[in-house]
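To start, the structure itself, in structure tokens.
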Amino acid sequence: MARYTHGQHPIVTTSYLWRDAENSAAYALSEVRPGRSLLDVGCGPGSITVDLARRVAPGRVTAVDASAEAVERASAHAEEAGVDNVDFVVGDVHALDLPDDTFDVVHAHQVLQHVGDPVRALAEMGRVARPGGVVAACDSDYSAMHWYPNLPELDAWMALYQRVARANGGEPDAGRHLLAWAHAAGFTEVRHVAEVWDHSDPERRAWWGGMWSRRILESTMGRDAVTRGMASQDDLEWISAGWRRWSEHPDGVFVIPRGAVLCRVPG
């Protein structure tokens with residue numbers, strides 16, 4: 001069982017709330033139609049879940065996450081948003097406690113990079129999808145991320161993240177593996193899509209850099225790095241200062257390439 005690298009610190013989970021269906025699942029939205037049933041795997045704090053639920057209403061959404069804390073937070077978010085067509089459950093994507101052939105759409109965003117066996121996870125997602133339905137998965141590719149200016153602190157951040165994520169049993173470059181994983185899971189009709197997030201305009205740059213300057217110090221990732229001897233507290237402080245320096249640079253660019261697959265279930 002892989003360990004979730006980022007953890008559930010509020011600096012992490014709050015940062016996810018900017019995500020919605022349009023900016024995080026655009027490649028799959030043609031499949032997200034009124035009246036359809038949808039499973040959202042790894043729902044996190046629920047911002048994408050709630051948006052998807054609005055789009056499938058009066059259809060229902062089941063949202064699952066391995067973290068009971070995340071499920072509780074997502075349920076509260078849905079209630080605050082006035083969305084009542086979602087059922088939230090705690091579960092493991094490798095062994096979903098759900099019947100075969102249940103959902104028209106099975107969706108996972110930024111999940112497969114953190115699981116111990118992404119091929120098994122995709123196969124399990126396919127099991128609970130109805131014949132003719134789709135499995136939609138999207139993940140970022142850390143090694144393909146690029147930024148300017150080329151700061152040594154951000155190079156160190158990337159190297160450290162790769163070490164911690166792999167020690168946790170994950171694959172931080174999952175975006176480039178999705179097509180191969182989908183084929184290995186038994187899907188034969190798969191469409192691959194490349195998307196990006198761009199945190200380079202002044203407002204996004206200030207938010208992204210400011211968030212990571214705290215996140216490297218406060219999140220589970222930073223604490224694990226120190227505990228495991230991969231970095232010192234001084235290293236984390238140096239990286240944090242580098243994020244602030246990047247965020248203040250008028251020419252700062254940060255781009256996150258993301259791979260996505262739409263896998264059609266035979267039927």
Side-chain angles (χ1 to χ4, degrees), residues 2 4-6 12-32 38-52 55 65 70 93 105-115 118-119 121-122 125 134-148 154 157-159 161-162 164-166 168 170-185 187 190-201 203-205 207-209 211-212 215 219 221 243 246 252-264:
Y4 183 51
T5 296
H6 300 290
V12 174
T13 56
T14 302
S15 75
Y16 295 160
L17 292 175
W18 75 278
R19 301 173 180 176
D20 58 25
E22 192 66 40
N23 65 35
S24 299
Y27 71 100
L29 291 186
S30 63
E31 300 289 341
V32 182
L38 186 145
L39 173 66
D40 191 24
V41 175
C43 64
S47 59
I48 301 175
T49 310
V50 163
D51 204 3
L52 293 172
R55 291 167 184 260
D65 200 284
V93 66
V105 181
V106 180
H107 169 263
H109 180 263
Q110 300 283 72
V111 172
L112 297 180
Q113 63 186 279
H114 297 294
V115 305
V119 172
L122 278 166
M125 291 165 67
V134 296
V135 170
C138 180
D139 273 274
S140 56
D141 187 319
Y142 272 75
S143 290
M145 294 180 187
H146 59 272
W147 54 85
Y148 180 86
L154 268 62
W157 164 79
M158 174 59 72
Y161 184 84
Q162 291 273 351
V164 175
R166 294 184 189 284
N168 284 337
E171 173 48 77
D173 300 337
R176 69 185 65 185
H177 293 275
L178 286 177
L179 182 61
W181 288 344
H183 286 154
F187 295 104
V190 184
R191 181 166 68 91
H192 181 272
V193 179
E195 298 195 334
V196 299
W197 281 331
D198 188 349
H199 296 305
S200 305
D201 70 61
E203 183 178 350
R204 297 296 305 166
R205 185 166 62 243
W207 170 76
W208 184 245
M211 182 271 296
W212 264 109
R215 187 160 162 177
S219 73
M221 176 211 161
W243 273 110
W246 171 82
V253 167
F254 202 102
V255 176
I256 303 176
R258 302 155 65 235
V261 287
L262 274 173
C263 311
R264 184 70 59 184

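- Partners of Arg166 according to the side chain to side chain donor-acceptor pair (under 3.5 Å) rule, which considers only residues two or more places apart in sequence or in another chain, are Gln162, Glu171, Asp173.
- In this structure, Arg258 and Cys138 approach most closely via the heavy-atom pair NH2-SG, 3.3 Å.
- Minimum interatomic distance between Ile48 and Ser24 (heavy atoms only, all atoms of both residues): CD1-CB, 3.6 Å.
- To the nearest 0.5 angstrom, Leu38 atom CG is 7.5 Å from His107 atom NE2.
- Closest approach of Ser47 to Tyr16, counting heavy atoms only: OG-O, 3.2 Å.
- A distance below 6.0 Å separates the ring centres of Trp243 and Trp157.
- The aromatic rings of Phe254 and His199 sit tilted relative to each other, their planes meeting at an angle between 30° and 60°.
- Taking each heavy atom of Cys263 and Val190 in turn, the nearest pair found is SG-CG1, 4.1 Å.
- Checked against ring pair (Phe, Tyr, Trp, His ring centres under 6.0 Å), Trp197 has the following partners two or more places apart in sequence or in another chain: Trp18, His109.
- Residues Met158 and Trp147 meet the side-chain proximity criterion, which asks for heavy atoms closer than 4.5 Å.
- Residues that satisfy the salt bridge (Lys or Arg N to Asp or Glu O under 4.0 Å) test with Glu31, not counting sequence neighbours, are Arg36, Arg264.
- Contact detail for Glu195 and Ala26: the closest heavy-atom pair is OE2-CB, 3.9 Å.
- Under the salt bridge (Lys or Arg N to Asp or Glu O under 4.0 Å) criterion, the residue pairs touching residues 18-28 are Glu22-Arg55, with sequence neighbours excluded.
- Between the side chain of Gln113 and the backbone N or O of Gly170, no donor-acceptor pair lies under 3.5 Å.
- By the side chain to side chain donor-acceptor pair (under 3.5 Å) test, Ser15 is found to be paired with Arg215, residues two or more places apart in sequence or in another chain being considered.
- A donor-acceptor pair under 3.5 Å is absent between the side-chain atoms of Asp139 and the main chain of Ala174, judged by distance alone.
- Annotation: side chain to side chain donor-acceptor pair (under 3.5 Å) contacts of Thr5 (sequence neighbours excluded): Asn168.
- Atom-to-atom distance recorded for Leu262:CG and Phe187:CZ is 11.0 Å, nearest 0.5 angstrom.
- When the side-chain contact (heavy atoms from CB on, under 4.5 Å) test is applied to Ala159, no partner is found at least two apart in sequence or on another chain.
- Pairing each heavy atom of Ala182 with each of Leu122, the nearest pair is N-CD1, 3.8 Å.
- Remark: Asp65 engages no residue in a side chain to side chain donor-acceptor pair (under 3.5 Å) (not counting sequence neighbours).
- Evaluation of the ring pair (Phe, Tyr, Trp, His ring centres under 6.0 Å) rule for Tyr4 yields His6, His114 as partners, not counting sequence neighbours.
- For the side-chain contact (heavy atoms from CB on, under 4.5 Å) test, residues two or more places apart in sequence or in another chain that qualify with His146 are Val255.
- Judged purely by atom type and a 3.5 angstrom limit, Trp208 has no side-chain atom pairing as donor or acceptor with the backbone of Glu203.
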